[in-house]
2 protein chains.
Amino acid sequence: MISSEELAETFPIICQGWAASFILLPNGSRQILSLLLPGDILSVGLLFGTRPNFQVEAITTVHYCTFDRNKFKQALRNAPDVFDRFGRICVEERAAADQLIVDLGRRTALERIARLILSLESRLEQRGMVQAQTKEMDFPLRQHHIADATGLTPVHVSKMLAEFRRRGMIELNERSLTVRDPEGLRRSANLR
Amino acid sequence: MISSEELAETFPIICQGWAASFILLPNGSRQILSLLLPGDILSVGLLFGTRPNFQVEAITTVHYCTFDRNKFKQALRNAPDVFDRFGRICVEERAAADQLIVDLGRRTALERIARLILSLESRLEQRGMVQAQTKEMDFPLRQHHIADATGLTPVHVSKMLAEFRRRGMIELNERSLTVRDPEGLRRSANLR
DNA sequence: CGGCCCTTTGACGGACGTCAAATAGCGTGG
DNA sequence: CCACGCTATTTGACGTCCGTCAAAGGGCCG
């Protein structure tokens, strides 16, 4: 786990493994802001030297590389296309945060979990991390990670996952997930 | 109300009045992403030409001005201090979104509403929009706005506001709010 | 074997949602 | 001026989703 102090000076990108950025509350409960996969920037905010408002936990062992903040900023200013691409990354990051806000504010437990699974599936697929035939993928999250990402309790997450399994929508064992009924899962995820 | 299509071509800043950016769900429920006060940029994402994922509603009558996107981008690249200041605005915007995520994921109705009021109070104070002696401020939100911002129902918001009033923490009438017991309100807002 | 963590399951409770009725304010139009 | 329709708010009764608590089992590692 990386403290917010250590983060303040670097600008890291995940190369391998899964991580999560989260905020801890005084009462001990936790809210995951985003799950970080290979290729993800830890946070674009780190470019501007403000001490970040979150912490990061490695879920698997993680490899990452860091850039020099000032050199990166110069590259942004000099190359308009880099600037634009970086801008679009910022926007996507923000759009994901907005979706999480809607999920937490207005969706049920089943919907939140279905959407989490679907969004992870699509992000992993973009990275070629889903087996082409079996549709199986690595899934290192513990149920408490799912709980902290969806604003639920681990106990309730367990019950909802059991429900998805009972309906034959997912298969989930020893750190591996396969979506058996994508259409059904999408239906569970959408309107309430 | 401004549709997402109309927004796509401009880069607007609120000059006067209150507005809200929000996402509408197919079932008709709504989640407010942020309340926009004078001086706020509608969304930094609009700089990069992606069609925004939200809509905007004027809560009062709103005056705003818009900038040319490309000229603004050039100014960012040419003036490092402008670039940095803009970056810091992005970061603050994101930090506010993160706080909302934590609120919706991990806090009770009373806490969410207390935090909404406190954050509005501090933002209005920064803008000199709180009367110095009486601590009174304009408060044009309807209860359904508060509900959509906190992920609650208008009925429950009404009950929670009644509770705050009963405890003598706030005074809220005809579009005007005064915080009577800031310390108590802060206690309600913090740990659960 | 014996802890420890994770997961599962059930019983129960509480926070918040839903539904409904009553009231007030406010603008419109007769 | 009054009737009316609309919207916002308040309040209470009741329902439900999810949290809490507890017990039990499994896997892993010392």
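All values reported here derive from a predicted model rather than from experimental measurement. Throughout, a chain's letter reflects where its sequence line sits, starting with A, and its residues are numbered from 1.
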Mind checking what makes salt bridge (Lys or Arg N to Asp or Glu O under 4.0 Å) contact with A:Arg77, not counting sequence neighbours? none
Side-chain N or O of A:Arg165 closer than 4.0 Å to phosphate OP1/OP2 of C:dT8: yes
Mind listing the side-chain donor-acceptor pairs of residues 137-153 of chain B below 3.5 Å, one per line with the distance, residues two or more places apart or on another chain?
{"unit_1": "B:His145", "atom_1": "ND1", "unit_2": "B:Arg142", "atom_2": "N", "d": "3.0"}
{"unit_1": "B:His145", "atom_1": "NE2", "unit_2": "B:Glu57", "atom_2": "OE2", "d": "3.3"}
{"unit_1": "B:Asp148", "atom_1": "OD1", "unit_2": "A:Arg106", "atom_2": "NH2", "d": "2.8"}
{"unit_1": "B:Asp148", "atom_1": "OD2", "unit_2": "B:Arg30", "atom_2": "NE", "d": "2.8"}
{"unit_1": "B:Asp148", "atom_1": "OD2", "unit_2": "B:Arg30", "atom_2": "NH2", "d": "3.4"}
{"unit_1": "B:Thr150", "atom_1": "OG1", "unit_2": "B:Ile146", "atom_2": "O", "d": "2.7"}
{"unit_1": "B:Thr150", "atom_1": "OG1", "unit_2": "B:Ala147", "atom_2": "O", "d": "3.4"}
{"unit_1": "B:Thr153", "atom_1": "OG1", "unit_2": "B:His156", "atom_2": "N", "d": "3.3"}

Just to verify, what does B:Gln16 make a side chain to side chain contact (heavy atoms under 4.5 Å, CB included) with, not counting sequence neighbours? B:His63
Which residues pass the side chain to side chain donor-acceptor pair (under 3.5 Å) test with B:Gln133, not counting sequence neighbours? none
So if I define the base as every atom that isn't primed, P, OP1 or OP2, how would nucleotides 24-30 of chain D read as a B/S/- string at a heavy-atom cutoff under 4.0 Å? -------
If the condition is salt bridge (Lys or Arg N to Asp or Glu O under 4.0 Å), which residues does B:Lys159 pass it with, not counting sequence neighbours? none
So which protein nitrogen or oxygen atoms get under 3.5 Å of nucleotides 11-14 of chain C's nitrogens or oxygens?
{"unit_1": "C:dA11", "atom_1": "N6", "unit_2": "A:Lys159", "atom_2": "NZ", "d": "3.3"}

Donor-acceptor pairs under 3.5 angstrom involving side-chain atoms of residues 163-170 of chain A: please list them, not counting sequence neighbours.
{"unit_1": "A:Glu163", "atom_1": "OE1", "unit_2": "A:Arg166", "atom_2": "NE", "d": "3.4"}
{"unit_1": "A:Glu163", "atom_1": "OE2", "unit_2": "A:Arg166", "atom_2": "NH2", "d": "2.8"}
{"unit_1": "A:Glu163", "atom_1": "OE2", "unit_2": "A:Arg167", "atom_2": "NE", "d": "2.9"}
{"unit_1": "A:Glu163", "atom_1": "OE2", "unit_2": "A:Arg167", "atom_2": "NH2", "d": "3.4"}
{"unit_1": "A:Arg165", "atom_1": "NH1", "unit_2": "A:Leu172", "atom_2": "O", "d": "3.0"}

Side-chain N or O of B:Gln143 less than 4.0 angstrom from OP1 or OP2 on D:dT10? yes
For B:Ala79, enumerate each residue passing the side chain to side chain contact (heavy atoms under 4.5 Å, CB included) test, keeping only those at least two apart in sequence or located in another chain. B:Asp81, B:Val82
Below 3.5 Å, can you tabulate the donor-acceptor pairs from side chains in residues 113-121 of chain B to any protein atom, sequence neighbours excluded?
{"unit_1": "B:Arg115", "atom_1": "NE", "unit_2": "B:Asp103", "atom_2": "OD1", "d": "3.0"}
{"unit_1": "B:Arg115", "atom_1": "NH1", "unit_2": "B:Ala189", "atom_2": "O", "d": "3.2"}
{"unit_1": "B:Arg115", "atom_1": "NH2", "unit_2": "B:Gln99", "atom_2": "OE1", "d": "3.4"}

Estimated bend of the helix from C:dC1-D:dG30 to C:dG30-D:dC1 (axis per five terminal pairs, rounded to 10 degrees): 30°
With sequence neighbours left out, write down each residue that passes side chain to side chain donor-acceptor pair (under 3.5 Å) with A:Arg94, or none if nothing qualifies. A:Asp98, B:Glu93
